[in-house]
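Scroll down for the structure; my scribbles are underneath it.
We count ligands from 1, going down the list as the structure has it; atoms in each ligand are counted the same way.
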Amino acid sequence: MKKGNLAPNLKLSLPPPDEVALSKFLTESGTFKDGDLLVNRDGVRVVSQNQVEAPSLIRPSDNQLSLADFDAVKVIGKGNGGIVRLVQHKWTGQFFALKVIQMNIEESARRHIAQELKINQSSQCPYVVVCYQSFYDNGAISIILEYMDGGSLADFLKKVRTIPEPYLAAICKQVLKGLWYLHHEKHIIHRDLKPSNLLVNHRGEVKITDFGVSAILASTSGLANTFVGTYNYMSPERIVGSTYGYRSDIWSLGLVLLECATGQFPYSPPQPGEGWINVYELMETIVDHPAPRAPSDLFSPEFCSFISACIQKDPKDRLSANELMTHPFLSKFGDLDIDLAPYFTSAGPPLATL
Ligand code: ATP
Ligand code: MG
């Protein structure tokens with residue numbers, strides 16, 4: 001939908017002032033409809049008649065959104081870098097997630113970030129969360145994202161504790177397709193693959209998000225040493241500061257899957273029950289200790305083999321996203337036609353659905 005067509009001087013014939021009639025014209029987002037006019041507190045928009053009946057949905061190519069076009073509904077998540085809100089587009093009623101990352105940075109870094117975010121916006125893949133538009137305003141980057149009403153895999157895992165192999169294979173297939181797209185089509189290393197960056201929805205879809213965000217933060221001058229995310233899923237070669245590539249994401253994928261299967265992060269602190277003393281102790285363990293494996297008495301040989309194809313300390317020993325797609329763990333459950341939609345919704349109703 002194109003923004004614009006604002007006609008502030010148009011005279012409106014508003015609906016009759018009795019309440020029943022009025023309610024017919026007032027949409028949930030506080031927008032009045034009158035003939036081919038939409039009006040709310042931010043202005044008047046002329047739309048075609050069929051748009052009034054059923055406003056067309058916003059597509060990623062409609063890059064003319066502005067923050068003033070959205071109503072905030074509620075806060076849906078908080079990360080280290082910022083806050084994520086469910087917002088609703090005033091004119092179409094469509095839901096989005098608005099992520100605001102607070103950062104006070106200089107002009108050159110800002111331009112760099114704007115450029116990187118454009119790359120994000122150009123991504124079009126059903127296994128990657130759509131980034132519709134991003135803004136830099138008053139020391140904060142705001143990103144309008146596709147809203148995923150099931151939340152993250154981290155949220156889901158808290159509810160179900162563990163994910164059985166057949167569902168895990170179906171989830172893994174989608175994540176691999178997303179990774180394949182990022183690696184082979186966009187030539188992007190995600191760098192921050194973890195359960196909270198895999199989002200799910202009531203349609204049973206799993207999508208990768210926040211790719212490129214960590215790259216932007218890492219490559220922005222003055223911010224290189226201010227990584228505030230988690231080191232849990234970071235590959236050994238990244239921890240020691242060697243060069244790293246796409247297979248760094250495959251290490252993270254292996255850890256995520258193993259955590260989903262067992263219900264526990266694969267590394268445990270040396271003193272059980274005491275927790276990690278600091279982040280360096282965890283990093284040392286990842287670098288110095290043998291790579292974790294899936295316990296063969298609890299899981300199928302195919303799953304164990306898939307995990308060890310991902311979690312190899314030497315990146316050369318890991319398989320690529322493309323190679324993993326033909327792994328027997330994924331074909332093993334292929335015939336079952338696993339539907340993730342009821343599985344995801346069984347853990348709780350979606351927050352808001354259009
Ligand atoms: P970190 O800041 O350490 O990377 P994080 O990934 O949890 O952690 P955010 O990316 O800010 O931080 O996301 C916070 C939470 O907001 C997520 O865990 C998820 O529950 C929710 N969230 C993020 N993006 C969306 C989205 N597009 N749709 C629905 N929920 C989302
Ligand atoms: Mg995130």
Side-chain angles (χ1 to χ4, degrees), residues 57-58 60 65 70 72-89 94-103 113 116-117 120-121 123-134 140-160 171 174-175 178-179 182 188-218 220 223 226-234 238 249 252-253 255-256 259-260 265 279 282 344-345 347-354:
L57 291 184
I58 291 158
L65 298 168
F70 296 93
V73 179
K74 64 187 285 184
V75 172
I76 46 176
K78 279 185 189 147
N80 280 306
I83 196 160
V84 182
R85 283 192 177 81
L86 172 65
V87 296
Q88 191 169 28
H89 190 253
Q94 202 174 338
F95 290 108
F96 293 87
L98 174 67
K99 179 166 183 164
V100 180
I101 308 168
Q102 205 63 44
M103 47 163 47
I113 286 174
E116 293 272 0
L117 287 170
N120 261 6
Q121 254 163 261
S123 291
Q124 287 196 20
C125 164
Y127 307 100
V128 159
V129 170
V130 177
C131 170
Y132 285 85
Q133 193 128 1
S134 38
I141 300 175
S142 301
I143 310 173
I144 298 172
L145 297 163
E146 173 180 9
Y147 169 57
M148 295 291 283
D149 61 13
S152 75
L153 202 60
D155 305 327
F156 183 71
L157 204 55
K158 273 187 212 129
K159 294 183 210 159
V160 297
I171 291 169
Q174 299 192 49
V175 178
L179 272 184
L182 293 180
I188 295 173
I189 306 167
H190 188 294
R191 294 179 171 84
D192 199 17
L193 199 69
K194 57 184 176 182
S196 70
N197 284 340
L198 297 173
L199 303 180
V200 307
N201 68 19
H202 72 284
R203 288 194 290 270
E205 294 167 336
V206 185
K207 305 191 184 202
I208 303 176
T209 191
D210 281 352
F211 55 93
V213 173
S214 60
I216 294 166
L217 298 184
T220 305
L223 288 165
T226 57
F227 179 78
V228 286
T230 174
Y231 288 87
N232 286 23
Y233 306 89
M234 202 180 263
R238 279 196 71 196
D249 288 340
S252 313
L253 171 70
L255 287 189
V256 170
E259 178 172 341
C260 290
F265 179 63
V279 69
L282 165 67
F344 288 152
T345 48
L351 211 52
T353 315
L354 193 67

TODO: Check each atom of ligand 1 against the heavy atoms of Ala97 and keep those under 4.0 Å away; list them by number with element.
DONE: 26 (C), 27 (N), 28 (N)

Open item on the list: Measuring from atom 21 (C) of ligand 1, which candidate in Asp192, Leu145, Val200, Ile76 has the nearest non-hydrogen atom?
Closed with: Ile76

Task: Over all atoms of both residues, closest heavy-atom pair of Lys207 and Met148 - done: CG-CE, 3.6 Å

TODO: Return the option from Thr209, Val129, Asp155, Val84 holding the heavy atom at the smallest distance from atom 19 (C) of ligand 1.
DONE: Asp155

Task: Per-atom contacts of ligand 1 with Leu199, taking only distances under 4.0 Å to non-hydrogen atoms - done: 24 (N), 25 (C), 26 (C), 27 (N), 28 (N)

Open item on the list: Using a 3.5 Å distance criterion without hydrogens, assess whether the side chain of Asp192 forms a donor-acceptor pair with backbone atoms of Asp210.
Closed with: no

- [ ] Answer yes or no: does an N/O atom from Tyr147 fall short of 3.5 Å to an N/O atom of ligand 1?
- [x] no

Open item on the list: Just so I know, are the side chains of Phe344 and Ile171 near enough to count as touching, which here means a heavy-atom distance under 4.5 Å?
Closed with: yes

TODO: Only heavy atoms count here, so choose which of Met148, Lys99, Lys194, Glu146 is nearest to atom 27 (N) of ligand 1.
DONE: Glu146

Open item on the list: Under 2.8 Å from the Mg ion (ligand 2), can any N, O or S atom of Ser152 be found?
Closed with: no

Task: Nearest heavy-atom neighbours spanning Ile208 and Gly178 - done: CD1-C, 3.6 Å

Open item on the list: Looking only at N, O or S atoms, which one in Asp210 sits nearest to the Mg ion (ligand 2)?
Closed with: OD2

- [ ] Assess the pair Tyr132 and Tyr147: is the distance between their ring centroids shorter than 6.0 Å?
- [x] no

